[in-house]
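Worksheet for the structure shown next.
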Amino acid sequence: MPTCLIVDDSTVVRKVARRILEDLDYTVEEAEDGQEAFEKCKAGMPDAILLDWNMPIMSGLEFLKLLRAYIGGEKPRIVYCTVEHDIGAIALARKEGADDYMLKPFDRNVLEAKFDVSRLETV
């Protein structure tokens with residue numbers, strides 16, 4: 001089964017995303033901020049990451065830069081999840097290594113489309 005790390009400071013977002021991803025047969029882990037997520041990635045790199053933009057301690061962008069520079073950090077498919085509608089912020093995330101993005105609030109159909117397992121196999 002593929003693995004996914006959900007990184008978001010919102011318990012509700014993590015819970016909703018977990019339910020959907022587990023329905024897609026992902027093994028799911030969670031982190032509340034970028035620092036916790038980076039520690040989890042060092043312990044075992046996931047296949048995919050759902051990454052929030054604004055978080056305490058370490059932002060999504062800081063985590064993204066750190067992870068992509070880390071050995072094995074190029075592996076996970078990273079979907080940036082944000083309330084930011086700023087095209088510049090989205091472009092920056094893509095430049096730093098995000099594979100895709102989606103806007104909050106998201107629904108089941110959007111999340112399923114972004115995390116279709118067949119997409120992992122082509123990355």
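The structure displayed is predicted, hence computed values, not measured ones.
- Scanning all heavy atoms of the two residues, the minimum distance from M55 to M58 falls at CE-O, 3.7 Å.
- Here NZ of K15 is found 14.5 Å from CG of D8. Values are rounded to the nearest 0.5 Å.
- Listed by chain and residue number, R14, R18 satisfy the salt bridge (charged side-chain N to carboxylate O under 4.0 Å, His left out) test with E30 (two or more places apart in sequence, or in another chain).
- For the atom pair CD1 of I49 and CD1 of I78, the computed distance is 4.5 Å after rounding to the nearest 0.5 Å.
- Judged purely by atom type and a 3.5 angstrom limit, T3 uses its side chain to pair as donor or acceptor with the backbone of D47.
- Side-chain N or O atoms of K114 include one that pairs as donor or acceptor with a backbone N or O of Y101 at under 3.5 Å.
- Between D99 and P76, the shortest heavy-atom distance links the atoms OD2-O, 3.5 Å.
- Taking each heavy atom of P56 and D33 in turn, the nearest pair found is O-CB, 3.2 Å.
- Rounded to the nearest 0.5 Å, atoms CG (L103) and OG1 (T82) are 7.0 Å apart.
- More than 12 heavy atoms of other residues, nucleotides or ligands lie within 6.0 Å of CZ in F38, so this atom counts as buried by the packing criterion.
- When all heavy atoms of L111 and A17 are compared, the closest pair comes out as CD2-CA, 3.8 Å.
- Rounding to the nearest 0.5 angstrom, the gap separating the CD atom in Q35 from the OG atom in S59 is 12.0 Å.
- For the side chain to side chain contact (heavy atoms under 4.5 Å, CB included) criterion with E112, the lone passing option out of L21, L24, D107, D23 is L24.
- Using a 4.5 Å cut-off on side-chain heavy atoms (C-beta onward), I20 and F115 make no contact.
- Under the salt bridge (charged side-chain N to carboxylate O under 4.0 Å, His left out) criterion, R19 pairs with no residue at all, not counting sequence neighbours.
- Across all their heavy atoms, Y70 and E74 have their closest contact at O-OE1, 4.1 Å.
- A heavy-atom distance below 4.5 Å is not found between the side chains of I57 and E36.
- Rounded to the nearest 0.5 angstrom, L51 CG and D100 CG are separated by 12.5 Å.
- Checked by atom type and distance alone, the side chain of Y80 never pairs as donor or acceptor with a backbone atom of L64 at under 3.5 Å.
- Taking 4.5 Å as the limit, every side-chain heavy atom of S10 sits out of range of all side-chain heavy atoms of D52.
- Put simply, V79 and V12 are part of the same group of oily side chains (I, L, V, M, F, W, Y) that touch within less than 4.5 Å, one to the next.
- Connection of M1 to Y26 is not established within any shared hydrophobic cluster, with ILVMFWY side chains joined at heavy-atom distances below 4.5 Å, either directly or through further cluster members.
- Within 6.0 Å of the NZ atom in K104, the count of heavy atoms belonging to other residues, nucleotides or ligands exceeds 12.
- In this structure, K40 and A31 approach most closely via the heavy-atom pair CD-CB, 4.5 Å.
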